[in-house]
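Working notes for the structure below.
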Amino acid sequence: MIKGIIFDMDGVLINSEIYYYNALIRLIESDGKKVDREDFKKIVGLSGKDSRDVIAFYYEDDFDHGDFMHRFRSGYMGENIDYKTILFPYVHEALSQLKSKGLKLALASSSSMRTITQAVEQTGIKDYFDFIIGGDLVENPKPDNEIYLKAVSGIGLKNENCIAVEDSFAGIKAAKNAGLYTIAKKDFDFSINQSAADIILEDMNLLNTIIEILLNNDTGLEYASLDYGSKLYLKAHILEKEIKKSNLSEKDLFRLALKDDSRLVGYLERDLKSKEKNGKVFINPLYEDTKAQGELEKSLKIINDFYLV
C-alpha cells in the first residue's frame with residue numbers, strides 16, 4: 001500500500017535545470033572555453049561533486065572550483081534567484097492534495113541543503129514535506145540509492161510503501177535501485193532517457209489522479225506507461241491484431257497499461273488535450289471480463305472525471 005511520496009526537486013518541482021544549464025555554459029564560455037552543448041546535457045541531475053567533474057573537464061588542470069562557484073552564484077545564478085518564478089505549474093495543488101490523502105511527503109534532491117532551503121522557502125512548499133535531504137548529506141550521490149533509502153527511513157516507511165517522482169536518468173536509476181515504484185516528470189529539454197521509470201507524466205497536473213489510481217488498484221497487477229517506442233509498447237503492437245480497434249499509430253495519446261510481470265494485460269488511452277469525455281480501454285483477450293478489465297475502465301473514468309471538473 002502506498003503511504004509516502006518522495007520527490008526530486010530540480011526538474012520536477014522547480015524548472016531550474018535549464019536555467020542552471022544555460023548559466024553554467026555562459027560562465028564557462030566567458031572564460032574562453034568552447035562547450036559542447038549536447039555533451040554538457042549529461043550534467044543534468046548530477047550531484048555537486050559529479051557536476052564539478054563535468055565542469056573541470058573544460059579547464060583541464062587549471063580549475064579552481066571555489067572561485068568558479070563564487071563567480072557562478074554572484075554573477076550568473078545570483079544569490080537572490082527568485083525560485084517562485086520557476087516553480088512548475090500545479091505543484092502547490094499536487095502537494096496539497098497528496099497531503100490531504102494522509103500521505104507522507106519527502107524531498108530528496110542532489111542540490112545542497114542551502115539551495116534546497118532557499119528554494120522551498122521562497123516557493124512556499126517547505127511545510128508540505130515531512131523530511132528533506134540534500135546531496136551534501138549523503139556519501140554516495142545519485143544514481144546510488146543512498147539518498148532514497150535515507151528519505152524512506154526519514155518518513156518512517158518501507159521502500160515498498162513509497163513512490164519516487166523523478167526526472168533525470170541518474171535520479172530514476174537511484175529510485176529504482178532503492179526498490180521504489182517511480183514516476184518521471186517528462187523531460188522536454190535534455191533528451192533524458194526516462195525509460196526505466198514506471199510511469200511518465202507530462203506535468204504535475206495529472207499526478208494526484210495517477211496516485212489515486214495506484215492507491216485504488218487491488219488487482220495485484222502493476223500500472224506502467226505505454227510510451228511510444230517502449231518495450232511495453234512493442235508488446236502492445238504484437239497484440240494489436242487481437243485487441244480490437246486499438247490505435248497505436250496515434251502517438252500523442254496518453255496510454256496507461258496494466259501488466260502481469262512482463263505480460264501486457266491491457267491499457268487505456270485518452271487525449272489529455274481534450275476537456276470532453278473520451279478514451280478507450282483495450283484488453284488482452286486472455287483477460288477479458290476479468291477484474292483487470294474493470295480496473296482499467298474504472299481508471300479511465302477517474303481520469304475523465306478529473307478533466308471534466
Side-chain angles (χ1 to χ4, degrees), residues 7-89 91 107-126 129 132-144 146-147 150-151 166-174 185 187-194:
F7 289 87
D8 177 41
M9 183 178 76
D10 299 296
V12 172
L13 303 176
I14 298 172
N15 190 19
S16 49
E17 289 178 334
I18 189 67
Y19 183 93
Y20 294 148
Y21 170 83
N22 287 324
L24 285 168
I25 289 176
R26 288 199 304 273
L27 177 53
I28 294 169
E29 291 191 338
S30 75
D31 288 337
K33 316 297 182 182
K34 179 63 177 176
V35 177
D36 182 331
R37 288 178 172 266
E38 192 63 32
D39 181 68
F40 199 69
K41 289 179 179 180
K42 65 188 177 187
I43 201 169
V44 175
L46 296 182
S47 67
K49 179 182 181 300
D50 290 340
S51 297
R52 179 178 61 198
D53 293 342
V54 173
I55 297 165
F57 168 80
Y58 291 94
Y59 292 83
E60 297 178 345
D61 296 328
D62 185 25
F63 181 61
D64 184 330
H65 180 251
D67 173 70
F68 182 91
M69 291 310 298
H70 173 73
R71 290 187 293 130
F72 177 66
R73 292 192 181 102
S74 61
Y76 286 81
M77 185 178 80
E79 295 288 351
N80 298 313
I81 180 175
D82 187 358
Y83 285 99
K84 293 192 299 294
T85 64
I86 55 174
L87 183 73
F88 278 117
V91 168
L107 185 61
S109 170
S110 293
S111 291
S112 67
M113 285 300 297
R114 174 184 177 180
T115 299
I116 294 170
T117 300
Q118 183 181 0
V120 298
E121 288 183 350
Q122 282 190 13
T123 56
I125 63 174
K126 180 180 179 180
F129 296 102
I132 297 176
I133 185 169
D136 53 346
L137 297 183
V138 297
E139 291 292 327
N140 305 296
K142 300 176 183 178
D144 190 273
E146 180 183 354
I147 195 167
K150 287 189 173 181
E166 267 286 356
D167 71 311
S168 70
F169 177 81
I172 293 168
K173 188 174 181 180
K185 183 185 177 300
D187 159 63
F188 292 98
D189 297 310
F190 300 103
S191 304
I192 296 173
N193 179 359
Q194 299 178 313

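For this chain, numbers begin at 1 and follow the sequence in order. Below, all heavy atoms of this structure are taken into account, side chains as well, without hydrogens, waters or symmetry copies.
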Atom CG of N15 and atom OH of Y20: how far apart are they, to the nearest 0.5 Å?
-> 10.5 Å
salt_bridge(K41, D187) N-O dist < 4.0 Å | no
Measuring from L107:CG to F129:CZ, what's the distance to the nearest 0.5 Å?
-> 4.5 Å
For the residue pair I43 and I55, establish whether any side-chain heavy-atom pair is separated by less than 4.5 Å.
-> yes
Separation between CD of E166 and NZ of K173, rounded to the nearest 0.5 Å | 13.5 Å
Could you give the distance from OH (Y19) to OG1 (T85), rounded to the nearest 0.5 Å?
-> 8.0 Å
Answer whether the closest heavy-atom distance between the side chains of F88 and V12 falls below 4.5 Å.
-> no
Should the pair Y21 and F40 be assigned to parallel (<30°), tilted (30 to 60°) or perpendicular (>60°) ring geometry?
-> tilted
Please walk me through it: do L13 and K185 pass side-chain contact (heavy atoms from CB on, under 4.5 Å)?
-> CA-CA 9 Å; L13 303 176; K185 183 185 177 300; over 6 Å; no
Heavy-atom closest pair, residues F72 and A23 | CE1-CB, 3.5 Å
Among residues two or more places apart or on two chains, list those pairs meeting salt bridge (charged side-chain N to carboxylate O under 4.0 Å, His left out) that have a residue in residues 7-21.
-> D8-K142
Among side-chain atoms of D31 and Y58, is any donor-acceptor pair under 3.5 angstrom?
-> no
Roughly how far, to the nearest 0.5 Å, is OG of S110 from CD1 of I133?
-> 10.5 Å
Min side-chain heavy-atom separation L27-K33 under 4.5 Å = no
Under a 4.5 Å cut-off applied to non-hydrogen side-chain atoms, are Y59 and I28 in contact?
-> yes
Quick one: pull up CG in N193 and CZ in F169 and give me the separation to the nearest 0.5 Å.
-> 6.0 Å
Taking all non-hydrogen atoms of both residues into account, name the closest pair between R37 and N22 and its distance.
-> NH1-OD1, 3.7 Å
Minimum-distance pair of heavy atoms, taken over all atoms of A119 and I14 = CB-CD1, 3.5 Å
Where do I116 and G134 come nearest, in terms of heavy atoms and distance?
-> CD1-CA, 3.5 Å
Contact list for residues 116-125, test salt bridge (charged side-chain N to carboxylate O under 4.0 Å, His left out), sequence neighbours left out | E121-K126
Flag the pair D53 / F63 as yes when at least one side-chain heavy-atom distance between them is below 4.5 Å, and no otherwise.
-> no
